[in-house]
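Numbers for residues simply follow the sequence, beginning at 1. Both counts, for ligands and for their atoms, begin at 1 and track the order of listing. Source: prediction; values computed, not measured.
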Amino acid sequence: MSERRPAIGIDVGGTTIKFGIVDPAGKIIDRRQLPTGADGGPDRVLGTIASGTRDLLSAWPDAVSIGLGVPGVINDRGEISHPPNFPGWGVLPVAERLRPLVGTNLPIAVENDANVAALGESTAGSAQDDPTFLFITLGTGVGGCIISNNEIWRGATGGAGEAGHVSVDINGPLCKCGARGCIESYLGQRYMTAAAALRLERFPDSRLHAMVAAGAELEPRLIDEAADAGDSFAREFLEEMGRILGAGIASIMNLCDLHLVIVGGGLSSSEDHLLEPARQAMRSRLLKSIAPTAELRRAALSNDAGMIGAAMLGRYVVRRT
Ligand SMILES: [Zn+2]
């Protein structure tokens, strides 16, 4: 019998924690939100997660599972390891620490946030028709996940799918991971903003100068806005970023024999200026065995992907046990 009861999905972000009650089809039927308070360390954040979860469980006592997406690598023992945005966490067994605080015997599943968002797209988003695909999310960093036969491919120790650190130029910009020319060193938000600011100095006619002078912050979304308004600097800059993204995607797809890539995150809304050039660059580099059927699609679940995917993760654990 298929499980019709709802599941709890929790998206633990650097600034807010989003709690959702999600039905089996991936629809959010109730939600809460609390500030993360990451500066308070792991005890404070875990306490906040626990109180939000208890609150939802008292409103929805028939929930079957609890899933969490967290911004860090989860190792094969279920521990989060030194999450970059959560000072003082070290290596911490999240589910084990959370269970007594929530006071529940429900299954608790924890995964990396990009993996969870990919699972959301797999079960309720843009990838429902393909059990094997690449997911890339464009945000502060560039995250990724490979879903293989409807399961997260975790690699040897749980850290697989780091698409952002695929290098497209051995002489490219230095990435925070220590390598050069990683996709993230071009398309990560800070890297892209810094590159645009530097290059903009040579384009005094760009309308971005006036937009920034009027108080707007130079960031990828503003560059996309300028491109929408016809600014040629912004259009050419995003087209180049798209070509870099597409070249990186093609390498991953050729390596893994993938025929679908889903692009999520803030800048994935830039269909004409970023995704279409990425699609063209990808197609021109794909092996002939892949190219005819290959597709690049935008993620469907936007800001709710984390909650929906986390809920699906919990359900998945219930199905397996
Ligand atoms: Zn890197």
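No option in D113, D11, V110, I17 other than V110 meets the side chain to side chain contact (heavy atoms under 4.5 Å, CB included) test with V70.
A 4.5 Å side-chain heavy-atom check between L106 and V64 finds every atom pair outside the cut-off.
Using a 30° and 60° split on the angle between ring planes, F237 and F233 fall in the parallel class, below 30°.
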Side-chain donor-acceptor pairs under 3.5 Å in residues 156-164, sequence neighbours left out?
none

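With sequence neighbours excluded, no residue forms a side-chain hydrogen bond (donor to acceptor under 3.5 Å, both in side chains) with D23. Shown here are the side-chain hydrogen bond (donor to acceptor under 3.5 Å, both in side chains) partners of N75, two or more places apart in sequence or in another chain: E79.
Screening the protein for N, O or S atoms under 2.8 Å from the Zn ion (ligand 1) yields 4; no waters enter the count.
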